[in-house]
Each structure stands twice: as structure tokens, then as C-alpha cells.
J.: 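Right, I'll just put the structure down here and ask away after.
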Number of protein chains: 2
Amino acid sequence: MTRKQERTGLNLDEVSKAIIEQLQQDGRRSYAAIGKVVGLSEAAVRQRVQRLVDSGVMQVVAVTDPLELGFARQAMVGVRCTGQLEPVADALAELEEIDYVVITAGSYDLLAEVVCESDEALLDLISHRIRNIPGVVATETFMYLKLRKQTYSWGVR
Amino acid sequence: MTRKQERTGLNLDEVSKAIIEQLQQDGRRSYAAIGKVVGLSEAAVRQRVQRLVDSGVMQVVAVTDPLELGFARQAMVGVRCTGQLEPVADALAELEEIDYVVITAGSYDLLAEVVCESDEALLDLISHRIRNIPGVVATETFMYLKLRKQTYSWGVR
DNA sequence: AGTGAAACGACCGTAGA
DNA sequence: TCTACGGTCGTTTCACT
């Protein structure tokens with residue numbers, strides 16, 4: 001029941017939401033410490049986290065700041081295509097400088113976020129590798145000037 | 001020295017990269033287990049992780065799947081403005097349905113990613129709350145049809 | 001799904017190089 | 001910035017509900 005709810009995204013209970021919230025604040029917080037906050041034993045918290053991860057609702061991962069790692073150029077690239085969109089999305093997804101690919105409805109067929117070391121690397125990526133993908137007919141690039149908000153707290157708020 | 005390198009994003013050493021890689025695979029992996037892989041003691045790994053987090057290079061957090069949590073509508077919204085961009089970015093950042101705000105150079109001044117439960121919630125957000133922000137003159141919405149790639153592995157690849 | 005208890009392993013502070 | 005070490009706390013397993 002709760003399994004089903006978690007798998008289908010409906011009505012995750014308050015305790016699991018509270019657990020997710022704790023791990024959004026600090027992914028290494030101990031199960032025991034979380035248990036004290038949410039009112040559950042350590043083992044119960046661990047089992048719930050396990051279920052949340054196994055069912056694909058949540059994962060605990062390291063996220064890094066591209067700027068701090070020397071990736072000074074970021075941009076969103078809007079892509080217009082002919083024909084099927086999935087093969088183009090797949091080709092974009094294979095490029096290591098692209099961390100995000102989504103098929104959209106709107107004046108672009110796909111959006112891809114790119115992370116590069118330099119303008120030259122960005123130019124090479126967009127001009128040669130992206131625009132040479134079969135089916136791509138046009139791209140438009142939105143250079144990032146300043147990232148203002150980035151939160152991973154979906155569904156808890 | 002290495003501190004400075006980490007803070008400025010230049011030449012994070014191979015060991016720290018390996019530690020980040022381990023934590024990208026599993027943010028809860030123990031320091032001791034990471035130490036075995038990267039060839040360092042538990043305490044050394046702990047100290048390096050601490051430094052990476054303190055310096056803002058990395059954080060370990062829970063990330064959730066909006067679809068699994070019942071947020072069925074996602075979109076990227078391109079925003080055109082008059083005047084200063086920062087106040088508009090700030091206003092967008094305050095909206096809880098918006099998880100990502102970036103100031104860009106291109107045919108939009110800002111891009112914002114929105115996560116909503118339903119079409120009605122999305123309409124209310126865009127039509128009333130976003131478009132009523134002072135300085136916003138136009139928006140364009142790209143509804144997400146399918147998320148194809150999302151990676152947090154910047155800088156390790 | 002949850003608790004409690006005991007053995008084990010991880011974490012943390014500190015000292016020393 | 002690393003290792004070594006001891007005390008404390010967290011995790012794991014299991015029996016039980």
C-alpha cells in the first residue's frame with residue numbers, strides 16, 4: 001500500500017517526507033539522528049530510506065559546483081529538429097559536456113544544458129558536435145550569466 | 001595551496017576527484033570504504049570531504065524524482081524583461097514551484113524551471129504569479145514531454 | 001512496518017609526524 | 001595534509017510483535 005503509493009507518486013506519507021527533508025539538508029545525516037527528528041527508530045528510518053531509493057523516488061548523491069571545478073561556461077541550448085525526437089535526444093545525451101536533456105513542447109523540440117571549460121570548447125560542442133547530429137536543423141544558445149537559484153527540494157517545500 | 005586550487009576551481013587533485021566520484025555513485029558510502037578505493041585513511045577522506053563541502057565545491061544531498069512525488073507538470077519558462085534583471089530573478093527565486101533560475105544572454109533574459117502538480121497550478125503560476133512580476137514583459141513556456149538525461153557528475157565524467 | 005538488544009563497524013577528536 | 005588510536009555513536013542482524 002505505502003509501497004504502491006511511493007511507486008506511483010501519490011501521497012507519500014508525512015514521515016517519509018520528513019525523512020527526505022532531512023536528507024535534502026544533509027545527505028550524510030545518520031539514520032539515528034533522523035529517527036530522533038521524525039520519531040522513528042534507527043532501523044525503521046533505514047528501511048524507509050532503502051525503499052525510497054529502491055523505488056526510484058530518491059537518491060543520495062554528491063553534487064558539485066561546475067564553476068568551482070573550472071567549468072566556466074554554461075549554457076542552455078534550444079534545439080529544433082526534423083523527424084523523430086528521441087534519436088536526437090539520445091545523441092545529445094551521449095555528449096559528456098551535456099548534463100541535462102529534455103524533450104519539450106514549444107518553439108524548441110529539445111533543451112540541453114551544457115557545461116564547458118572555455119568558449120572554444122563550447123563553440124566546438126555546439127557548432128560541430130550538436131549541429132552535426134542528424135535531424136538537428138537549428139540551435140539557439142542561452143549563455144548563463146548568473147545562476148540565481150538551484151534547489152533539489154522537490155516535493156517537500 | 002591545494003585549498004586555493006579547490007577554492008578557485010583549478011586542478012582539484014586526482015584523489016579528491018576520485019572521492020567525489022565515489023560520492024556521486026553513492027552519497028552515503030562510508031569514509032572507510034572510500035579510503036580503500038582511493039588509498040587513504042578514513043580520517044584523511046573525512047577531512048577532504050569536509051573541505052570540499054566547506055569550500056562549496058561539493059555537497060551531498062538527497063535528490064528526488066518530481067514525477068514520483070506527484071509533480072506531473074514540468075516546464076522551462078523563458079522570461080523577457082525590461083530594466084534590471086536581478087530583481088526579477090529574485091522574485092522568481094522566491095516562488096516555491098521554481099527550482100532553477102538563471103540569468104542568461106540570448107533571446108530570453110532569464111530561464112526558470114517550474115515543477116507543478118497539474119496544468120491548473122502551472123497556469124496559475126505562469127499567468128498570474130510570474131507574469132505579474134514587475135519588469136516581466138513576456139514569457140514563453142516549454143512543457144517537458146520527457147526528461148532524457150540528468151546527471152550530477154560535473155567535473156568527473 | 002515496526003521495536004529492542006548485542007556485536008560490529010563507522011565516525012570524530014586529538015596527537016604526532 | 002597525512003596516519004594512528006581510543007572513545008563514542010551509528011549500523012547491522014536477528015528475534016519478536
Side-chain angles (χ1 to χ4, degrees), chain A residues 1-65 68-70 155-156, chain B residues 1-65 68-70 155-156:
Chain A
M1 200 99 81
T2 302
R3 287 304 299 271
K4 182 102 189 283
Q5 287 180 340
E6 286 173 1
R7 286 199 61 268
T8 57
L10 294 170
N11 286 333
L12 199 64
D13 76 20
E14 291 307 316
V15 174
S16 288
K17 281 187 185 173
I19 292 172
I20 292 172
E21 198 164 3
Q22 291 294 309
L23 289 171
Q24 282 171 339
Q25 287 168 25
D26 177 4
R28 291 192 74 84
R29 191 160 293 164
S30 75
Y31 298 132
I34 295 168
K36 276 177 193 155
V37 176
V38 307
L40 233 50
S41 70
E42 180 277 331
V45 173
R46 185 158 36 85
Q47 287 163 23
R48 291 177 88 119
V49 169
Q50 193 77 51
R51 262 182 275 125
L52 289 166
V53 172
D54 289 347
S55 65
V57 172
M58 181 187 77
Q59 53 183 343
V60 178
V61 292
V63 297
T64 53
D65 180 345
E68 292 282 351
L69 292 173
V156 175
Chain B
M1 202 104 78
T2 302
R3 287 304 298 271
K4 181 106 188 280
Q5 287 179 339
E6 287 173 0
R7 286 199 62 269
T8 57
L10 294 172
N11 285 333
L12 199 64
D13 76 21
E14 291 306 315
V15 174
S16 288
K17 281 186 185 174
I19 291 172
I20 293 171
E21 199 164 1
Q22 292 294 308
L23 290 171
Q24 282 173 339
Q25 287 168 26
D26 176 4
R28 292 192 74 85
R29 191 161 293 164
S30 76
Y31 298 132
I34 295 169
K36 277 178 192 155
V37 175
V38 306
L40 233 51
S41 69
E42 177 275 329
V45 173
R46 184 160 34 92
Q47 288 161 15
R48 290 176 87 120
V49 169
Q50 192 78 52
R51 263 182 276 126
L52 289 167
V53 172
D54 289 348
S55 65
V57 172
M58 181 187 77
Q59 53 183 357
V60 179
V61 291
V63 297
T64 53
D65 180 345
E68 292 281 351
L69 292 173
V156 175

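Naming convention: chains lettered A, B, ... in sequence-line order (proteins, then strands); numbering from 1 in each chain.
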J.: May I ask you to say what B:Arg29 touches in the nucleic acid, namely base, sugar-phosphate or nothing, with a heavy-atom cut-off under 4.0 Å?
T.: nothing

J.: Check the pair B:Val61, A:Val60 against side chain to side chain contact (heavy atoms under 4.5 Å, CB included), reporting the backbone distance first and the verdict last.
T.: CA-CA 5 Å; B:Val61 291; A:Val60 178; over 6 Å; no

J.: Grab the CD1-C1' distance between B:Ile34 and D:dC2 for me, whole Å please.
T.: 17 Å

J.: For A:Arg48 and C:dA1, give me the distance from atom CZ to atom C1', rounded to whole Å.
T.: 8 Å

J.: Are any non-hydrogen side-chain atoms of B:Ile19 and B:Leu23 less than 4.5 angstrom apart?
T.: yes

J.: Can you find a side chain N or O atom of B:Arg51 that sits less than 4.0 Å from OP1 or OP2 on D:dC2?
T.: yes

J.: Where each residue is assigned the nucleotide of DNA chain D containing its nearest heavy atom, which of B:Arg28 and B:Val15 is assigned the position nearer the 5′ end?
T.: B:Val15

J.: OH of B:Tyr31 versus P of D:dC9: gap in Å, rounded?
T.: 17 Å

J.: All N/O contacts under 3.5 Å from nucleotides 3-6 of chain D to the protein, with atom names and distances to one decimal?
T.:
from  : atom 1 : to      : atom 2 : distance (Å)
D:dT3 : OP2    : B:Ser41 : N      : 2.9
D:dT3 : OP2    : B:Ser41 : OG     : 2.5

J.: Given side chain to side chain contact (heavy atoms under 4.5 Å, CB included), test A:Val57 with B:Asp65 step by step and report yes or no.
T.: CA-CA 5 Å; A:Val57 172; B:Asp65 180 345; 5.9 Å; no

J.: Take atom CD of B:Gln50 and atom P of C:dA10, then tell me their distance rounded to the nearest Å.
T.: 19 Å

J.: Could you give me the CA-CA distance, side-chain angles and deciding distance for A:Val15 and A:Arg48, then say whether side chain to side chain contact (heavy atoms under 4.5 Å, CB included) is met?
T.: CA-CA 9 Å; A:Val15 174; A:Arg48 291 177 88 119; 3.7 Å; yes

J.: D:dG10 C1' sits how many Å from A:Leu23 CG, rounded?
T.: 15 Å

J.: Taking five pairs at each end of the helix from C:dA1-D:dT17 to C:dA17-D:dT1, what angle separates the two helix axes (nearest 10°)?
T.: 40°

J.: Please determine if B:Arg28 forms a cation-pi arrangement with A:Tyr31, meaning its NZ or CZ atom is less than 6.0 Å from the six-membered ring centre and no more than 45° off the ring axis.
T.: yes

J.: Do the side chain of A:Ser16 and the main chain of A:Asp13 share a donor and acceptor less than 3.5 angstrom apart?
T.: no

J.: Carefully, step by step, assess B:Thr64 and B:Leu69 under the rule side chain to side chain contact (heavy atoms under 4.5 Å, CB included).
T.: CA-CA 8 Å; B:Thr64 53; B:Leu69 292 173; 3.5 Å; yes

J.: Which residue in the set B:Val49, B:Val45, B:Ile34 passes side chain to side chain contact (heavy atoms under 4.5 Å, CB included) when paired with B:Gln22?
T.: B:Ile34

J.: Flag the pair B:Glu21 and B:Lys17 as a salt bridge only when some basic side-chain nitrogen lies within less than 4.0 angstrom of an acidic carboxylate oxygen.
T.: no

